[in-house]
Amino acid sequence: DGMVAPSHMGIEGCNMMCDTQLAAEYLTGDPFVGADALLLLFGVSEHPLREKMKGIVKSNTFFWHKRPLQKDYVEYAGLDAGLLFKVAPTLSAKFVKNKCEVEDLMNLLLEDLFSKLVQKGTHIPTHMAEYDLVDINLDVGRRACCWMGNDRVFLSDDENRLVTMEEIDCIVSKLGGFGTDNRAGLEQKLHRISGMCNRKGEVIGLSMRVGRWFEGNAAMLVDLLLGSDKSILILGEPGSGKTTIVREAVRVLASRHKVC
């Protein structure tokens, strides 16, 4: 129902889960606060049918257990989700801080290749580079490109600007070489760099994966992490953020315990 209701209202791409009740309790200090208080806190009007629905629910405590739900009730839930979506970006920003340090990867490139990744006239990463950059791909004889979410972006508008062997060698020298698994990294950074070699063992291609962690994105697990010795299984499709959550969980644990 949590996915159906927003979809029914034309809201797609529900890829951020947030316990709004916990968020409202934290921001207001009131353990019995409701969703309306959270909406008002961010300047969003409360649900227009809230009082009417409260009366219906009081008369039948098993109201939401019935399936299928009537169309009017699904629309009510969809509007509820839609109002919460309005505050979601601001709410997320209060709890989750993106830690990327993408400029460390950009510094490996020649200046003409990272111009699209920085704000004009500066070396400061753009918002998209900070939050959406996934990979930077360099292959000898091909145009350098990167992936912003699901979109491929060429790093130079010049179709004749191809990656050279000298550029690859220069980057490899900065990395200090590769291990037996053809992977390398940057000291004390989460970025992962994979090399593609020819038959002579020469590196002719690089795939640089941006490593991020989001401070605060394991907040909903804190009570389980610090108050229990039970194992936690995290499931999700590729790219859904499993490793990102684990990184933050390790940071939380390391703040209280010795973590190997």
Side-chain angles (χ1 to χ4, degrees), residues 12-13 15-16 18 42-43 85-178 183-196 202-217 239-241 243-245 247-248 251:
E12 302 296 343
N15 59 3
M16 185 189 76
C18 176
F42 290 96
F85 262 78
K86 290 183 179 181
V87 307
T90 308
L91 183 63
S92 176
K94 281 185 173 291
F95 295 96
V96 180
K97 295 181 174 60
N98 176 36
K99 304 290 186 178
C100 180
E101 300 173 340
V102 68
E103 57 269 21
D104 293 300
L105 274 185
M106 290 161 38
N107 288 337
L108 295 174
L109 305 174
L110 291 182
E111 191 164 347
D112 69 317
L113 290 182
F114 67 68
S115 59
K116 288 190 176 182
L117 303 176
V118 295
Q119 299 174 31
K120 189 173 182 179
T122 74
H123 282 194
I124 301 173
T126 63
H127 184 274
M128 287 193 67
E130 194 74 33
Y131 289 91
D132 296 329
L133 181 62
V134 179
D135 285 301
I136 298 175
N137 300 123
L138 305 174
D139 295 297
V140 173
R142 295 185 177 181
R143 295 176 68 187
C145 67
C146 69
W147 288 90
M148 296 280 192
N150 294 321
D151 298 321
R152 184 172 69 164
V153 177
F154 288 109
L155 297 180
S156 174
D157 292 329
D158 182 358
E159 294 185 2
N160 296 316
R161 172 57 171 98
L162 307 179
V163 176
T164 66
M165 193 67 182
E166 289 73 20
E167 286 179 85
I168 298 292
D169 289 340
C170 180
I171 295 174
V172 172
S173 67
K174 292 178 181 179
L175 297 173
F178 286 83
R183 290 191 176 186
L186 296 173
E187 189 71 22
Q188 298 183 345
K189 307 298 178 185
L190 296 173
H191 309 306
R192 293 171 291 175
I193 302 171
S194 300
M196 181 175 66
E202 300 168 326
V203 178
I204 57 173
L206 296 172
S207 177
M208 300 188 281
R209 170 65 59 90
V210 176
R212 291 183 175 86
W213 82 96
F214 291 86
E215 185 177 319
N217 79 330
S240 61
T243 304
T244 306
I245 291 178
R247 285 174 184 149
E248 175 62 6
R251 188 193 68 81

Inset, instruction - Find the distance between CG (Asp112) and CG (Asp158) and round it off to the nearest 0.5 Å. - result: 9.0 Å
Inset, instruction - For residues Glu103 and Pro125, report the shortest heavy-atom separation together with the two atoms involved. - result: OE1-CG, 3.7 Å
Inset, instruction - Under the side chain to side chain donor-acceptor pair (under 3.5 Å) rule, collect the residues that match up with Lys116, sequence neighbours excluded. - result: Asp157
Inset, instruction - Apply side chain to side chain contact (heavy atoms under 4.5 Å, CB included) to Thr122 and list each qualifying residue two or more places apart in sequence or on a separate chain. - result: Gln119, Ile124
Inset, instruction - Report yes if some heavy atom in the side chain of Met128 is under 4.5 Å from a heavy atom in the side chain of Leu133; otherwise report no. - result: no
Inset, instruction - Check side chain to side chain donor-acceptor pair (under 3.5 Å) between Asp151 and all other residues, then give those that pass, not counting sequence neighbours. - result: none
Legend entry - For the student: nearest non-hydrogen atoms of Leu155 and Leu113, plus distance: CB-O, 3.3 Å
Legend entry - Residue pair Val118 / Met106: nearest heavy atoms and the distance that separates them: CG1-CE, 3.0 Å
Inset, instruction - Of all the heavy-atom pairs spanning Phe178 and Ser194, show the shortest one and how long it is. - result: CE2-C, 4.0 Å
Sequence neighbours excluded and cut-off under 3.5 Å, please list the side-chain donor-acceptor pairs for residues 163-172, or say none.
unit_1 : atom_1 : unit_2 : atom_2 : d
Thr164 : OG1    : Glu167 : N      : 3.2
Thr164 : OG1    : Glu167 : OE2    : 3.4
Glu167 : OE1    : Arg161 : NH2    : 3.0
Glu167 : OE2    : Arg161 : NH1    : 2.9
Glu167 : OE2    : Thr164 : N      : 3.1

Legend entry - Smallest separation among heavy atoms of Leu175 and Gly185, with atom names: CD2-O, 4.1 Å
Inset, instruction - Please list all pairs passing the side chain to side chain donor-acceptor pair (under 3.5 Å) test where one or both residues lie in residues 139-150, with sequence neighbours left out. - result: Asn137-Trp147
Inset, instruction - Check ring-ring contact (aromatic ring centres under 6.0 Å, His included) between Phe114 and all other residues, then give those that pass, not counting sequence neighbours. - result: His123
Inset, instruction - Calculate, to the nearest 0.5 Å, the distance between atoms CZ and SG belonging to Arg152 and Cys146 respectively. - result: 10.5 Å
Inset, instruction - Name all residues meeting the side chain to side chain donor-acceptor pair (under 3.5 Å) criterion together with Asp135; count only those two or more places apart in sequence or in a different chain, and write none if there are none. - result: Arg209
Legend entry - Straight-line distance of Leu117 CG to Leu109 CG, nearest 0.5 Å: 7.0 Å
Inset, instruction - Heavy atoms only: give me the nearest Gly149-Val134 pair and the separation to one decimal. - result: N-CG2, 3.8 Å
Inset, instruction - Hey, could you give me the CG/NZ distance between Leu186 and Lys174, rounded to the nearest 0.5 Å? - result: 10.5 Å
Legend entry - Check against side-chain contact (heavy atoms from CB on, under 4.5 Å), Leu138 and Met208: CA-CA 8 Å; Leu138 305 174; Met208 300 188 281; 3.9 Å; yes
Legend entry - Sequence-distant partners of Asp132, salt bridge (charged side-chain N to carboxylate O under 4.0 Å, His left out), two or more places apart: none
Legend entry - Pairwise distance CE(Met196) to CG(Leu206) - rounded to 0.5 angstrom: 9.0 Å
